[in-house]
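Each chain gets a letter, A, B and so on, in the order the sequences are listed, and its residues count up from 1.
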Amino acid sequence: MPDTLPDRLLVWYDRDARTLPWRGLTDPYAVWLSEVMLQQTTVAAVIPYFARFLARWPTVESLAAAPTDAVMAEWAGLGYYARARNLIACAKLVTQWRNGRFPEDEAGLRQLPGVGDYTAAAIAAIAFGQKAVVVDGNVERVMTRLHAVQEPLPKAKPRLKQLAAALTPDLRAGDYAQAVMDLGATICTPRKPACGICPWQEPCEGRRLGIAERLPAKLEKPARPIRFGTAFWLTDSKGRVLLRRRPPQGLLGGMMEIPSTEWSETQPADPTAQAPITADWRALPGEVRHIFTHFQLNLRIMAAKAGPGGRPSGLWVELDRLGEHALPTVMRKLVRHALAKAY
DNA sequence: GAGGCGTGGAG
DNA sequence: TCTCCAAGCCT
């Protein structure tokens, strides 16, 4: 029995009691779905979404046939909504042009919308057993520590891919890929890695040099700016609230929203000039803060009742049916705040 | 290639 | 409260 590094890791992986819903699944559809959901998203966040999607749309054909709004609403809260738009496009492409079959090699998978280098390699390895080099943030962190790579990311990426390729085994490439990622997620963590129980502690150069926890080195990120705006909580005589659909591309693209002013560097002097209708707008106390990847958003709320005259563009939605709509988390925060302060 | 693109959990 | 950042992709 050879005792290579991949072998040691696979022994650890096979003994690990941690069971993730997608572990052991090789259906390309399920693998693809889980990998897309896991892009930049924690395991804990993905688990309930993965279960709901698979229960509601068990095949790529069923997902392709689903109304776009239903998919976006089911994705609401998971973030990075371009993934959901690409998910739909990819399901339709695979269904209509490939008879529901996913490409079986990296190059073919790489052509699918929303499938980049990482996801293509992951699907090829996990669903099709191919010896693909799977490199995500976990793999990069593990490789930098194992080999004490001190060059900062992202410059070190090519080197890290080489190091990952040199370790990738011919057999069980899918299990191996998941094992490295599990190692990074549970033991070789960004902070306070549990080196004492790591199956790779003996060969780890970063640990030997006492620098593992400081790796990988990264370049500094720019400060996060703050943007301001005012949202408009408009209700009608039937107790419904006005929603709008956001533009199909860009931030929260294709999702629903509470109408608001533009989000700018300073609070608009007269927010009501940008309100959906002219009305007796009254400011609610407090504000809603939300952190996006590249800026912080501080939103005030103004509320009004629509008279019989106003004909704002948008969608009137019953308060108890807001949950059925594709409202991203920042909009759900607004709803909660408005309901607490306006009644 | 650098920046846009969500969210929630951990420390 | 604040910082970090996670199984990345697209332009």
Side-chain angles (χ1 to χ4, degrees), chain A residues 13 18 20-23 25 31-50 72 75-87 89-90 109-123 125-126 132-142 153-155 157-158 161 164 174-186 188-193 213-214 216 218-227 246-255 257 263 289-298 326-333:
Chain A
Y13 180 73
R18 200 166 71 109
L20 300 177
W22 42 87
R23 179 177 284 194
L25 297 183
V31 173
W32 163 72
L33 181 63
S34 67
E35 292 302 338
V36 171
M37 287 184 168
L38 285 162
Q39 290 166 4
Q40 293 288 284
T41 308
T42 57
V43 163
V46 166
I47 285 175
Y49 284 85
F50 181 69
M72 299 305 288
W75 194 278
L78 198 55
Y80 284 133
Y81 298 99
R83 293 186 296 173
R85 303 194 297 268
N86 285 327
L87 194 80
C90 183
L109 289 160
R110 186 66 178 77
Q111 302 303 312
L112 301 173
V115 176
D117 288 342
Y118 160 76
T119 305
I123 298 172
I126 297 168
V133 182
V134 180
V135 182
D136 73 331
N138 287 303
V139 177
E140 290 180 342
R141 185 171 57 257
V142 171
L153 288 172
K155 199 171 182 182
K157 281 177 178 284
K161 173 141 190 182
D175 286 342
Y176 170 77
Q178 294 183 80
V180 185
M181 293 189 283
D182 275 7
L183 185 73
T186 61
C188 197
T189 49
R191 281 169 294 194
K192 293 189 175 299
E213 187 167 4
R214 299 203 298 274
K218 292 188 177 180
L219 298 179
E220 285 186 38
K221 297 176 189 172
R224 197 196 318 271
I226 305 180
R227 295 187 192 169
R246 292 179 60 82
Q249 306 298 328
L251 184 71
L252 309 177
M255 302 292 285
E257 67 172 355
W263 302 343
R289 294 185 181 187
H290 189 77
I291 308 292
F292 291 102
T293 303
H294 52 298
F295 68 95
Q296 171 176 324
L297 180 62
N298 292 3
L327 285 169
T329 295
V330 59
M331 297 301 157
R332 291 179 191 270
K333 285 187 187 177

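Within the 4.0 angstrom heavy-atom criterion, no nucleotide atom of any strand lies near A:Pro222. A:Val46 comes within contact range of no nucleotide atom at all, as no heavy-atom separation falls under 4.0 Å. At a threshold of 4.0 angstrom between heavy atoms, the contacts of A:Gly77 are confined to the sugar-phosphate backbone, with no base atom among them. At the heavy-atom level, A:Lys333 lies nowhere under 4.0 Å from the strands shown. Residue contacts for A:Trp75: at a heavy-atom cut-off of 4.0 Å it reaches no nucleic acid atom on any strand shown. Counting any heavy atom pair closer than 4.0 Å across all strands shown, A:Arg85 reaches no nucleic acid atom. At a threshold of 4.0 angstrom between heavy atoms, the contacts of A:Thr119 are confined to the sugar-phosphate backbone, with no base atom among them.
Between B:dG8 and A:Thr329, a contact under 4.0 Å exists linking OP1 or OP2 to a side-chain N or O. Between B:dA2 and A:Lys155, no contact under 4.0 Å exists linking OP1 or OP2 to a side-chain N or O.
Here the separation of C:dG8 from B:dG1, taken at their C1' atoms, is 15 Å to the nearest Å.
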Close N or O pairs between protein and nucleotides 1-4 of chain C (under 3.5 Å):
none

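Taking both residues in full, the closest heavy atoms of A:Val139 and A:Asp136 are given as N-OD1, 2.9 Å, listed atom of the first, atom of the second, then distance.
A distance-only check finds a donor-acceptor pair linking the side chain of A:Arg224 to the backbone of A:Phe292 [under 3.5 Å].
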